[in-house]
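A quick write-up on the structure given underneath.
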Amino acid sequence: MDILSTFSRDKSKLVAILQEYQRELGYLPEEIILKVADYLGMSPSTVYSIATFYPRFKFVPSGKKVICACRGTACHVRGGGRVLREIEKKLGIKAGETTPDMEYTLETVSCMGACVLAPAVMVDDEIHGQMTPQKVAEVFSDE
Ligand code: FES
């Protein structure tokens with residue numbers, strides 16, 4: 001069943017509809033933005049600008065695993081920058097990029113609410129604390 005058919009043509013449903021597509025596809029391709037805009041009688045640019053307001057919506061596909069390195073102050077002062085550089089070296093990509101084989105996406109966040117574990121890195125939903133450049137290899141060997 002198509003996602004749109006489960007929603008009324010009510011503009012207030014926009015975010016809920018986008019969430020459903022994000023959950024199913026992992027991101028919001030342009031054709032989905034156009035389709036939702038048409039369904040709700042909104043301009044695609046309005047739908048896109050509302051969607052970009054929410055950090056949880058992605059507009060390009062992510063890798064199978066999402067690695068998130070913290071760039072917050074607590075993590076930074078405890079060596080988070082070195083950990084991030086080691087992950088970038090290990091994956092051969094920079095923060096914000098996805099490996100060409102679509103295995104990993106590397107993101108950063110300004111705090112993941114785990115400052116006591118600084119520096120922290122999240123692999124999908126699992127937090128790895130007290131990270132060091134040496135521990136990066138261990139985290140990836142578990143994958
Ligand atoms: S600053 Fe890194 S978890 Fe808070």
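When a ligand or atom number is given, it counts from 1 through the structure's own listing order.
- Under the 4.0 Å criterion applied to side-chain N and carboxylate O atoms, K135 and E138 are not assigned as salt-bridge partners.
- Taking distances strictly below 2.8 Å, the protein N/O/S atoms close to atom 4 (Fe) of ligand 1 are C111 SG, C115 SG.
- Salt bridge annotation for K35-D2: present, with a cationic side-chain nitrogen under 4.0 angstrom from a carboxylate oxygen.
- A salt bridge between E88 and R85 is absent, with no side-chain N of the basic residue lying under 4.0 Å from a carboxylate O of the acidic one.
- Follow the hydrophobic side-chain contacts under 4.5 Å out from L25 and you reach L4 in the same cluster.
- Between the side chains of S49 and T52, no donor-acceptor pair is found at a separation under 3.5 Å.
- The salt bridge (charged side-chain N to carboxylate O under 4.0 Å, His left out) contacts involving residues 100-110 comprise K58-E107, K64-E103, where partners must be two or more places apart or lie in separate chains.
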